[in-house]
Number of protein chains: 2
Amino acid sequence: MSNIYKVAKLAGVSPKTAARILAGESQRSKHRQAVFDAAKELGYARNQQAANLRSGSTSVIGIIVPDINNPFYGKVIQSMHDACLKHGFSILLASSFGRPEEEARAMRTLQSYRVDGVMLNASEHPVGKESLKICRHFIEQGKPVVLSGEIEEKLPGADRVVIGNELAVSKAVRYLQSQGHERIGFIGGFEDSRAIQQRHAGYVTTLKECDLPLLDEYTIYTNGDMAQVGSKVTDTMLKLSKKVRPTAFIAGNDIIAISALKAFDKLSLKVPADVAVIGFDGIDLSEMVTPSLTTLRQPQTQIASDVVQLMVQRIKGETTIGASELHYEPELIIRDST
Amino acid sequence: MSNIYKVAKLAGVSPKTAARILAGESQRSKHRQAVFDAAKELGYARNQQAANLRSGSTSVIGIIVPDINNPFYGKVIQSMHDACLKHGFSILLASSFGRPEEEARAMRTLQSYRVDGVMLNASEHPVGKESLKICRHFIEQGKPVVLSGEIEEKLPGADRVVIGNELAVSKAVRYLQSQGHERIGFIGGFEDSRAIQQRHAGYVTTLKECDLPLLDEYTIYTNGDMAQVGSKVTDTMLKLSKKVRPTAFIAGNDIIAISALKAFDKLSLKVPADVAVIGFDGIDLSEMVTPSLTTLRQPQTQIASDVVQLMVQRIKGETTIGASELHYEPELIIRDST
DNA sequence: TTGTAGGCGTTATCAC
DNA sequence: GTGATAACGCCTACAA
């Protein structure tokens, strides 16, 4: 592999001169063309790791998500990727698989690559003890940490992204009530996700506030996969008599909502005539399913753009504002499933 | 940030001894515990960039995909990520946005990080000239390059993933014919993607072989987004009389197929009674839409696992077999949309 | 504008 | 098993 010395030698200048020209510092050096020619000739590409090692920063932001395969996180990753690109940063991606020990492994990887900042999406479980420790290391070194999701211990110095999960679901419940629904169910789905639990809390609270019936049977939880959503929903609907069964459901996320649509179709229940469904997240496909899904859309692109901007400002020392909370309220997008 | 010297000093050994113990080389050194304690005490994390710089390898595999947001590539990324993890590798992700110039930028990024190998997903367009050049650099250095998708010039030394696009669509056409369909359409959708063009070629060839009618109007192309699929499909169906319009469509991918389902629903056409639909890719959601989608499933997990295994073997020098082609035939999954 | 010296943190080499 | 020394490729500091 060629390095700056070979380029400099071929161009007949000192390494430093070559480096400066290639870094775009000396705009009108007389050796400019010679250096570029030499670099091209040798197929030179800067060794970013060596540069990082020397300069002490990487221009890389680490991102941890619970599940790369969920289209919602796909959007998160894409949005972060695009936002980083605009600021000349790259992303290093790692998955926590929604498990604390894998999260810790992922954090260690980011740490060993000395990323300049970390965006930790931890909406499925509270941030693990070891991850938390590594986060503190980052913060001590002045490296920004942005946390999206639940946390049990305090993490001073970390920025937070806060999604108004409870309020959003509250909006959904009230909307359903305004449409004449009284018996409203909640489909939690997946893995005791904290985000989904918050959404459930919003559901419970609002039902009480609105004097709507709150039965245990109205909440469906599964700890399995998408297929299980279908069977649990089916069980619930068959178990309850027509007069008691919910006429509307709020789902913990869009994937769960789409699975529920399928279950209702199999039961020959028409959506929204027999039963209404509201999802959460606003993934692209929520618009394309049939019927299109009413959902609580999270402003993913906006969030990513804000988060990256904040991180980059901190990294460059352009801001020293203390840890901030970025609040976002999901928007109720009304479509054909209600 | 602490380094190996500080750890060594605290443990009372030489840097090399500490390094060896932390790298897991000296299993029964008497200083083992002391070194681990010191590392923990100081919150030591190896600087991977320095290690890479010295050792000349990174244990990172670079992945380029056209569109992170498409659930199909989400699955690709996840599968590659998981497979890499098993072999102790990390991934560096970059998006080509389906454009040659962005692909080149992405390749330069991977190159500057000295990744040990590259998996280039280029199914949307042929690999760009500059990317190709960088690929050659990788190959010259003995770094494996795996190409999935189209390529115009030869790239000696690169492994290839070849999906039997034509054959797969051929299977789909013949299956539709066996179900009594004669007028079969093709919905290309997106961006002149090469993969979709191959699938279209399979469609054209097989229609001819089966003596089925092949009209220009039966092929729908858009160069826009998902929404455009819907409007073009609607146009086509309204333009053609009932006796001429297709009774079945093959879509270029599942996302397009799902968009088409939506369009048919809006037209009050029942799927599959009035019109059948077959997708391509087999994304998870294809099973959850209503009606569930008959599709040609690509064995993503298998492909990723094979690709990573091959790359890791090459990187470790465990194989010197010449460039190979990994062939995969999509499987026709019959569901409710046909 | 240009060049020289040195060090970032690690591992390879070669001695013991 | 252990330790001193050099080197990976680059950039910062400083000097010219």
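Numbers restart at 1 for each chain; the letters A, B, ... are given by sequence-line order, proteins then strands. Atom set for the values below is all heavy atoms of this structure, side chains included, hydrogens, waters and symmetry mates excluded.
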Nearest whole Å is fine: how far is [N] [atom2] from [X] [atom1]?
X       : N      : atom1 : atom2 : value
B/Tyr44 : C/dT10 : OH    : C1'   : 7 Å
A/Ile21 : C/dT2  : CD1   : P     : 6 Å
A/Gln48 : C/dG9  : CD    : P     : 17 Å
B/Leu53 : C/dG7  : CG    : C1'   : 12 Å
B/Arg46 : C/dG9  : CZ    : C1'   : 11 Å
B/Asn52 : C/dC8  : CG    : C1'   : 14 Å
A/His31 : C/dG3  : NE2   : C1'   : 11 Å

Of B/Ala50 and B/Ala18, whose nearest nucleotide on DNA chain D comes first from the 5' end?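 Its nucleotide being nearer the 5' end, the pick is B/Ala18.
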Which residue lies toward the 5' end of DNA chain D, B/Arg114 or B/Ser29, if each is placed at its nearest nucleotide?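 The residue mapped nearer the 5' terminus is B/Ser29.
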Taking distance alone, no hydrogens or angles, what donor-acceptor pairs closer than 3.5 Å link side-chain atoms of residues 71-79 of chain A to residues at least two apart or in another chain?
| residue | atom | partner | partner atom | Å |
| --- | --- | --- | --- | --- |
| A/Tyr73 | OH | A/Ser123 | OG | 2.5 |
| A/Ser79 | OG | A/Lys75 | O | 2.7 |

5' priority, DNA chain C, between A/Lys30 and B/Ser2 [closest heavy atom]: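 Residue closer to the 5' terminus by nearest nucleotide: A/Lys30.
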Looking only at side chains, do B/Asp306 and B/Tyr328 share a donor and an acceptor under 3.5 Å apart?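 There is such a pair (donor and acceptor under 3.5 Å, judged by atom type) between the side chains of B/Asp306 and B/Tyr328.
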Pair B/Thr109, B/Ser112: side-chain N/O donor-acceptor within cut-off below 3.5 Å: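 No, no side-chain donor-acceptor contact under 3.5 Å.
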Can you sort out the partners of A/Glu103 under side-chain hydrogen bond (donor to acceptor under 3.5 Å, both in side chains), two or more places apart, ordered by chain and number?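 Counting only residues at least two positions away or on another chain, A/Glu103 forms a side-chain hydrogen bond (donor to acceptor under 3.5 Å, both in side chains) with A/His125, A/Ser131.
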Who are the side-chain hydrogen bond (donor to acceptor under 3.5 Å, both in side chains) partners of A/Gln48, not counting sequence neighbours?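 With sequence neighbours excluded, A/Gln48 shows a side-chain hydrogen bond (donor to acceptor under 3.5 Å, both in side chains) to A/Asn52, given in chain and number order.
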Listed by chain and number, what are the salt bridge (charged side-chain N to carboxylate O under 4.0 Å, His left out) partners of [X], not counting sequence neighbours?
X        : answer
B/Arg114 : none
A/Arg20  : none
A/Arg99  : A/Glu101, A/Glu102

May I ask you to verify if any side-chain N or O of B/Asn3 is less than 4.0 angstrom from the OP1 or OP2 atom of C/dG9?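 For C/dG9, OP1/OP2 do have a side-chain N/O of B/Asn3 under 4.0 Å.
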Taking only heavy atoms on the protein side, list every residue of residues 4-14 of chain B lying under 4.0 Å from any atom of DNA chain C, sorted numerically.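 Going residue by residue through residues 4-14 of chain B, the ones with a heavy atom under 4.0 Å of DNA chain C turn out to be B/Ile4, B/Tyr5.
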Quick one: list whatever passes side-chain contact (heavy atoms from CB on, under 4.5 Å) with A/Leu132, sequence neighbours left out.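 A/Leu132 satisfies side-chain contact (heavy atoms from CB on, under 4.5 Å) with A/Val127, A/Arg136, A/Ile151, A/Glu153, A/Leu155 once adjacent residues are dropped.
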Span of DNA chain D in contact with chain B (heavy atoms, under 4.0 Å):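 Reading along DNA chain D, I get D/dG1 to D/dG9.
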By the salt bridge (charged side-chain N to carboxylate O under 4.0 Å, His left out) test, which pairs, at least two apart or in different chains, include something from residues 30-51 of chain B?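 Sorted result for residues 30-51 of chain B: empty, none.
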Under the salt bridge (charged side-chain N to carboxylate O under 4.0 Å, His left out) rule, what pairs show up with a residue in residues 78-88 of chain B, not counting sequence neighbours?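 Qualifying pairs, neighbours excluded: none.
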Mind listing the N/O atom pairs, protein and nucleotides 12-16 of chain C, below 3.5 Å?
| residue | atom | partner | partner atom | Å |
| --- | --- | --- | --- | --- |
| C/dA12 | O4' | B/Arg54 | NH2 | 3.1 |

